[in-house]
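Have a look at the structure below before the remarks.
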Protein chains: 2
Amino acid sequence: MLCLLNHTRPEWVDIAAADINSLLIDHAHCEKKAATNALSMIKLYPQHENIVREMLTIMKEEWDHFEQVYSRILIQGAHLTKDRGNEYAKRLSDHIRKDEPQRMLDLLLVDALIEARSCERFSLLAACPSIPAELRSFYKELFASEASHYTTFTELARAHFPSDIVKHRLHELAKIEASIVDTLGNLPTMHG
Amino acid sequence: MLCLLNHTRPEWVDIAAADINSLLIDHAHCEKKAATNALSMIKLYPQHENIVREMLTIMKEEWDHFEQVYSRILIQGAHLTKDRGNEYAKRLSDHIRKDEPQRMLDLLLVDALIEARSCERFSLLAACPSIPAELRSFYKELFASEASHYTTFTELARAHFPSDIVKHRLHELAKIEASIVDTLGNLPTMHG
């Protein structure tokens, strides 16, 4: 799927479906962090109009998702709790190079990979028969939205860097991402 | 105005009006930081539904303002540049106490004060004859929006703390805020 080099371990979807409240709470934090990330890209690259404009749009969409997920948490009779962190995103972000312009390329491609993995996970949730139909429809909508964000991030990378460099680095980071995902798949969280 | 204990030095509005591009660029960063701040409040206090709900709304409004200010920067033929920081907000934030629950009270009241000061500055800009009428109308709209945010932050403080404690601490912080503002007023920035 998209640029991903492996599949999530099959047991993950059952672990997630068995604890929907924990999944929703972690998911809300993921949407919040995606919004924070869009703000951070504008802070880092204010001079690039294409980055600012795309982040403006992504920010609104992530925020709309946060609101929807938050409402579902309350409907479930649950409450938003403190963010326990995202080991997957943290480990992947450790591979972002420090110097520009490599940093910008890596930030865009790590964002693209996180969107791609979220897409794969949404598609697994959307197809899981033990999840209520209405919630499965919601995950299906999110799949489409996050797939579009994946495209946005890779297109921004190609707008700023030669396509062979983008392709090569995306493949390098995708290998790292796949190796991280191989060690996960046992928690009721979006990237656990 | 609102809880403020002094007025901005009268020369500020002329300094700001004489360099509208710098003012707009700094203003865009202020709106971005207000959005970041709303996200940060949700991160710190996810368990409080009234805080999450109000920050959801404030976030959308600040983001809409950012988009409007950003468009105006481009219409002016200018470009968004790196944020040079906000000495005013930084100095005021130094007075936020570290321990809870005092930290929550101070965060809400410092936010309220920043919104109040922004209101005062928008009202000065809206009344400045050397600023184009269309831009003055924009500042007038923002005045109303930020005044409503001031109310939201003080009401949240009163929802979580006894009103006499809120009143006392708001006055203490307003004195600090006024003393900071007395040293400013000479830069073409929103709080300069």
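Hydrogens, waters and symmetry mates are skipped; everything else that's a heavy atom, side chains included, is used. Proteins get letters first, then strands, A, B, ... in listed order; numbering begins at 1 in each.
- Contact annotation for A:L74: only side-chain heavy atoms (C-beta onward) come within less than 4.5 Å of a heavy atom of chain B.
- Heavy atoms from other residues, nucleotides or ligands lying under 6.0 Å from CZ of B:R84 number 12 at most.
- Between the side chain of B:D19 and the main chain of B:P188, no donor-acceptor pair closer than 3.5 Å is present.
- The interface of residues 62-70 of chain B with chain A, defined by heavy-atom distances below 4.5 Å, comprises B:W63, B:F66, B:E67, B:Y70.
- Heavy atoms of A:T81 lying under 4.5 Å from chain B belong exclusively to its backbone.
- Geometrically, B:R117 does not engage B:Y88 in a cation-pi contact defined by less than 6.0 Å to the ring centre and at most 45° from the axis.
- Residues satisfying the salt bridge (charged side-chain N to carboxylate O under 4.0 Å, His left out) criterion with B:D83, sequence neighbours excluded, are B:K33.
- Side-chain contact check for A:H149 and A:S118: no donor-acceptor pair (N or O, by modelled atom type) lies under 3.5 Å.
- Looking only at heavy-atom pairs under 4.5 Å with chain B, the residue among A:Q47, A:H79, A:E49 that has the most is A:E49.
- If you take CD1 on A:I51 and OG1 on A:T152, they are separated by 12.0 Å, rounding to the nearest 0.5 Å.
- Residues B:L125 and B:L23 have side chains in contact (heavy-atom distance under 4.5 Å, counting atoms from C-beta outward).
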